[in-house]
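Working notes, structure below.
The sequence lines fix the lettering, A, B, ..., with proteins before strands; numbering per chain opens at 1. What you see is a predicted model; the values in this text were computed from it and never measured. Atom set for the values below is all heavy atoms of this structure, side chains included, hydrogens, waters and symmetry mates excluded.
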2 protein chains.
Amino acid sequence: MKLDEFIAENGTVITKKAGDHLFRQGEHDQSIYKVKSGLLKAYYLSADGKENIKSFIMPGDNIGSLVSAWAGKASTFSLVCLKPSIVSAVPFRKLNEASRADPGIAGEILDFLLAFGMKKEMREYELLCLTAEERYKRLRDTSPEIFTLVTQNEIARYLGITPVGLSRIKKRLAD
Amino acid sequence: MKLDEFIAENGTVITKKAGDHLFRQGEHDQSIYKVKSGLLKAYYLSADGKENIKSFIMPGDNIGSLVSAWAGKASTFSLVCLKPSIVSAVPFRKLNEASRADPGIAGEILDFLLAFGMKKEMREYELLCLTAEERYKRLRDTSPEIFTLVTQNEIARYLGITPVGLSRIKKRLAD
DNA sequence: TGTTGAAATTAACCCGGGTTAAAACGCATG
DNA sequence: CATGCGTTTTAACCCGGGTTAATTTCAACA
């Protein structure tokens with residue numbers, strides 16, 4: 001658990017209320033966050049003001065804008081607390097330096113990135129190959145907890161459809 | 001360029017004809033491939049036999065099934081040559097060991113995974129937030145070469161629509 | 001030059017989900 | 001208990017893309 005130690009030593013503990021942002025789309029943010037408690041969501045805001053939810057982030061999860069932290073560009077998404085949350089933030093630069101110096105940390109970061117990559121692959125698969133209805137069934141079967149934590153509105157935006165659309169799907173399945 | 005050296009030393013050069021597979025969905029494959037020449041595509045086959053293209057892989061690119069190589073599970077996609085191709089394959093295990101031992105290689109693998117993660121994020125964004133028409137325009141503007149390399153059929157399957165749908169979009173835009 | 005087969009276009013019909021707006025359902029608060 | 005506000009449902013209409021099948025285009029080759 002060298003990585004956790006490193007974050008404990010070098011990270012800043014941040015306490016946020018529901019509705020508070022850690023960063024917003026378009027801003028630069030060089031931190032990687034580890035969630036200690038609470039619930040967050042990462043979302044895109046499209047040109048016409050529509051919200052699309054990238055992911056929900058739960059205690060134990062890591063999150064940060066790779067594009068911003070690594071490539072130094074503006075973040076493509078926003079990160080906001082859905083519930084009061086405590087996270088620890090560590091500058092990506094420090095993490096990167098540490099990984100170059102300490103093989104143990106490098107290994108864990110590697111594992112983390114591989115897990116991250118696999119998760120993204122899964123999401124890509126779902127968005128590319130499955131219908132909205134199939135994505136809904138999958139979410140219901142694999143992450144039922146999420147339905148008790150967020151509104152249906154947000155589930156819909158995560159599935160890539162509107163709340164109205166989701167309501168219809170549920171109705172259709174109830175027959 | 002320590003990583004390239006490592007692959008040159010430890011990799012196996014493989015020559016394939018157009019149409020040959022490196023691996024198929026459902027199989028186990030522990031290799032990471034670096035493309036020297038040619039053109040490949042990674043694709044999903046859904047239950048009803050529909051093909052969805054995950055990505056095109058060009059010379060210089062790396063590809064492999066993370067799920068299979070790292071987690072030891074069956075690959076979720078197939079990898080096939082669209083043109084005669086030469087790739088070098090290196091077992092993921094060796095790469096992993098090398099990265100634990102050599103910080104230089106670890107650093108490069110880290111960079112690779114970060115770049116990979118960013119690419120996936122971009123794709124997730126496109127599939128989640130953009131319409132098929134917007135995705136088409138984006139591809140046309142950012143990777144025009146691809147249109148000279150593969151059939152429209154494959155462009156469509158990459159965009160997540162049918163060839164017929166793509167033809168309609170082109171028509172619509174031509175006014 | 002004509003033939004053949006793959007790729008691309010077009011047309012007709014269908015359907016899932018978007019959009020807008022109205023109704024119904026909570027559930028907290030005074 | 002009544003009020004009010006956010007969430008969910010329902011309804012009506014629209015539209016993009018799927019599906020199927022016919023047609024056209026084009027390149028390869030005899």
query = Which residues pass the side chain to side chain donor-acceptor pair (under 3.5 Å) test with Asp29(B), sequence neighbours left out?
reply = Tyr33(B)
Residues that [X] engages under salt bridge (Lys or Arg N to Asp or Glu O under 4.0 Å), provided they are two or more places apart:
X        : answer
Lys41(B) : Glu51(B), Glu154(B)
Lys50(A) : Asp48(A)
Arg93(A) : Glu97(A)

key: Non-neighbouring partners of Tyr125(A) that pass ring-ring contact (aromatic ring centres under 6.0 Å, His included), sequence neighbours left out   = Tyr44(B)
message = Does the protein touch nucleotides 5-18 of chain D at the base, only the backbone, or not at all? Give it as B, S and - per nucleotide, heavy atoms under 4.0 Å.
response = ---SBBBB----BB
Distance-only donor-acceptor pairs under 3.5 Å for side chains of residues 114-122 of chain B, two or more places apart:
unit_1	atom_1	unit_2	atom_2	d
Lys120(B)	NZ	Glu124(A)	OE2	2.9
Glu121(B)	OE1	Lys54(A)	NZ	3.3
Glu121(B)	OE2	Lys54(A)	NZ	3.3

Nucleotides 25-28 of chain D: which of its N/O atoms have a protein N/O under 3.5 Å away?
none

ask   = Members other than Val13(A) in its cluster, when Ile, Leu, Val, Met, Phe, Trp, Tyr link by side-chain heavy atoms under 4.5 Å?
value = Ile86(A)
